[in-house]
There are 2 protein chains.
Amino acid sequence: MSEERITHQLSQAGYRITRPRRAVIRALHEERGYASPAEVHLRARKHCPSLGLVTVYRTLDLLSEMGFVRRIHAQDGCHGYALADGGHRHHVVCRQCGATMEFDGCDLSPFLARVGRQTGYAIEDHLLELVGLCSACR
Amino acid sequence: MSEERITHQLSQAGYRITRPRRAVIRALHEERGYASPAEVHLRARKHCPSLGLVTVYRTLDLLSEMGFVRRIHAQDGCHGYALADGGHRHHVVCRQCGATMEFDGCDLSPFLARVGRQTGYAIEDHLLELVGLCSACR
DNA sequence: GTACTTGCAAATAATTTGCAAATAT
DNA sequence: ATATTTGCAAATTATTTGCAAGTAC
């Protein structure tokens, strides 16, 4: 979802559109995959240098509650946040050097449909991250 | 997987079978869904009163590394652990109520193979998280 | 006996809360 | 004008580490 649309909806819901909140929303849009609160903070400071980490937590909570963002759990155990509906930002990470590369053509639909039937859930979004060795590290 | 099978495999891998480890494995078997380290600790103490929380963390790490246990991301922010019922399984999380459900038959192989060719990476592992609405919340 | 494990205490990291000052509406 | 939001500092909670003592093999 676009930044404008999110801010508009927040505004409609009675929340104020502040510089810190804009900065967090922008940072999330710039992120390819998911980011920890600390990472969001780092990135969002570019847009609002005075931004405090606490505000990042609070804003992520708000966005999460409003359904614009979702919490995901990363392998290392840290929590990450990603834009909901950003499900098609997939990437491979090299476990050796950390290089990441995006790939496109996420044709998981048949798979997702099957899981939906099997579990009774209405699947709305997904996050996929692949881990492996990049060509240089092999 | 049964307790005996897990301990056997740990033993085969060169790890020692201790009272604290048995207690943690048993506690996981008694748990229906997933449990936080603190919850595992509480339950496992019934089988090994001297058990320390630190050992629970270490044992969960070990079991997780060996693939006997999976980390689950709970809504409230705490990490949870659940037995991996063999094979590679994933889960769907309900964005409304947080209920999680496992599904099996994660047959992504054709997809992974294609991405491997496309990116030049040797894909070794993947993290897939699905988000949706559970049947009760729909 | 020896190397792996444990539990404790202390260190570190992650997240939340209280509150006066700042600011969007 | 005023109720919301912010940033800081401090509190709380979660997780990891160092190390001497304990234990499986």
Side-chain angles (χ1 to χ4, degrees), chain A residues 3-4 6-27 34-66 68-81, chain B residues 3-4 6-27 34-42 44-66 68-69 71-81:
Chain A
E3 299 183 27
E4 302 79 45
I6 292 179
T7 50
H8 180 254
Q9 300 228 19
L10 283 179
S11 184
Q12 287 292 306
Y15 293 104
R16 297 187 175 172
I17 305 310
T18 65
R19 197 158 159 57
R21 281 179 178 163
R22 277 184 197 285
V24 169
I25 293 168
R26 179 152 305 168
Y34 54 85
S36 67
E39 287 165 343
V40 172
H41 183 219
L42 203 66
R43 195 183 283 268
R45 264 169 177 264
K46 300 233 165 75
H47 306 300
C48 176
S50 69
L51 180 68
L53 177 57
V54 180
T55 298
V56 174
Y57 272 98
R58 288 190 280 222
T59 304
L60 288 174
D61 270 357
L62 172 61
L63 293 174
S64 174
E65 212 162 291
M66 297 279 295
F68 299 133
V69 138
R70 49 166 222 281
R71 307 183 80 159
I72 66 111
H73 116 112
Q75 273 159 333
D76 58 5
C78 263
H79 284 125
Y81 292 79
Chain B
E3 299 183 28
E4 302 79 46
I6 291 179
T7 51
H8 180 253
Q9 298 229 19
L10 282 178
S11 184
Q12 287 292 306
Y15 293 105
R16 297 186 176 172
I17 305 310
T18 64
R19 195 157 161 57
R21 281 177 179 163
R22 277 184 196 285
V24 169
I25 294 169
R26 178 152 305 168
Y34 57 84
S36 67
E39 287 166 342
V40 172
H41 183 219
L42 203 65
R45 264 169 177 265
K46 301 233 165 77
H47 307 299
C48 176
S50 70
L51 180 69
L53 178 57
V54 181
T55 298
V56 174
Y57 273 99
R58 287 190 280 224
T59 304
L60 288 173
D61 270 358
L62 171 61
L63 293 174
S64 174
E65 212 162 290
M66 297 279 295
F68 299 133
V69 138
R71 303 185 83 153
I72 300 277
H73 144 91
Q75 216 61 350
D76 58 7
C78 265
H79 285 127
Y81 292 80

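Chain letters run A, B, ... following the sequence lines, proteins first and then strands; every chain starts at 1. Computation of the quantities below employed the complete heavy-atom set of this structure, encompassing side-chain atoms and omitting hydrogens, waters and symmetry-equivalent molecules.
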Margin query: Below the 4.0 Å mark, does dA14(C) have OP1 or OP2 next to a side-chain nitrogen or oxygen of S36(A)?
Written below: no
Item checked: Of the listed nucleotides dT6(D), dT15(D), dA24(D), the one nearest the side chain of T55(A) -> dT6(D)
Margin query: Between V69(A) and I25(A), is there a side-chain heavy-atom distance shorter than 4.5 Å?
Written below: no
Check: Which nucleotide in the list dG18(D), dT15(D), dG7(D) gets nearest to the side chain of Y57(B)?
Finding: dT15(D)
Next item on the list: Quickly work out the H41(B) NE2 to dC8(C) C1' distance and round it to whole Å.
Entry: 12 Å
Margin query: Measure CZ/R45(A) against C1'/dG7(D) and give the value in whole Å, please.
Written below: 11 Å
Check: Atom CZ of R21(B) to atom P of dT23(D): distance rounded to whole Å?
Finding: 15 Å
Check: DNA chain D: S11(B) or V54(B), which has the more 5' nearest nucleotide?
Finding: V54(B)
Next item on the list: Could you work out which one of dC25(D), dT6(D), dG7(C) sits closest to the side chain of I17(B)?
Entry: dC25(D)
Notebook entry, point to check: How do L62(A) and P37(B) order along DNA chain D: which one's closest nucleotide is nearer the 5' end?
Noted result: L62(A)
Check: Is there side-chain contact between L10(A) and L62(A), with heavy atoms separated by less than 4.5 Å?
Finding: yes
Check: In whole Å, what is the span from the CG atom of L10(B) to the P atom of dC25(D)?
Finding: 11 Å
Checklist line | Atom pair distance, as rounded to whole Å: CG in L53(A) and C1' in dT12(D) | finding: 15 Å
Item checked: Whole-Å distance separating the CG atom of D61(A) from the C1' atom of dT6(D) -> 15 Å
Check: Between P20(B) and L51(B), which heavy-atom pair has the shortest distance, and what is it?
Finding: CB-CD1, 3.7 Å
Item checked: Value in whole Å for how far the C1' atom of dA14(D) lies from OH of Y81(B) -> 11 Å
Item checked: Side chain of R58(A) - closest among dA3(C), dT6(D), dT25(C) -> dT6(D)
Check: In whole angstroms, how far is the P atom of dA14(D) from the CD atom of E39(B)?
Finding: 10 Å
Margin query: Taking the minimum atom-to-atom distance to the side chain of S50(B), which one of dT16(D), dG7(C), dT25(C) wins?
Written below: dG7(C)
Next item on the list: Under 4.0 Å between any heavy atoms, over every strand shown, what does R19(A) touch: base, sugar-phosphate, or nothing? Just pick one.
Entry: nothing
Notebook entry, point to check: Quick one: are E3(A) and R26(A) in side-chain contact, heavy atoms under 4.5 Å?
Noted result: yes
Check: How about Y15(B) and R21(B): do any of their side-chain heavy atoms sit closer than 4.5 Å?
Finding: yes
Notebook entry, point to check: Taking the side chain of R16(B) as its heavy atoms from C-beta onward, which of dT5(C), dT17(D), dT5(D) lies nearest to it?
Noted result: dT5(C)
Next item on the list: Identify which nucleotide among dT6(C), dG7(D), dT5(D) has an atom closest to any side-chain atom of Y15(A), counting heavy atoms from C-beta outward.
Entry: dT5(D)
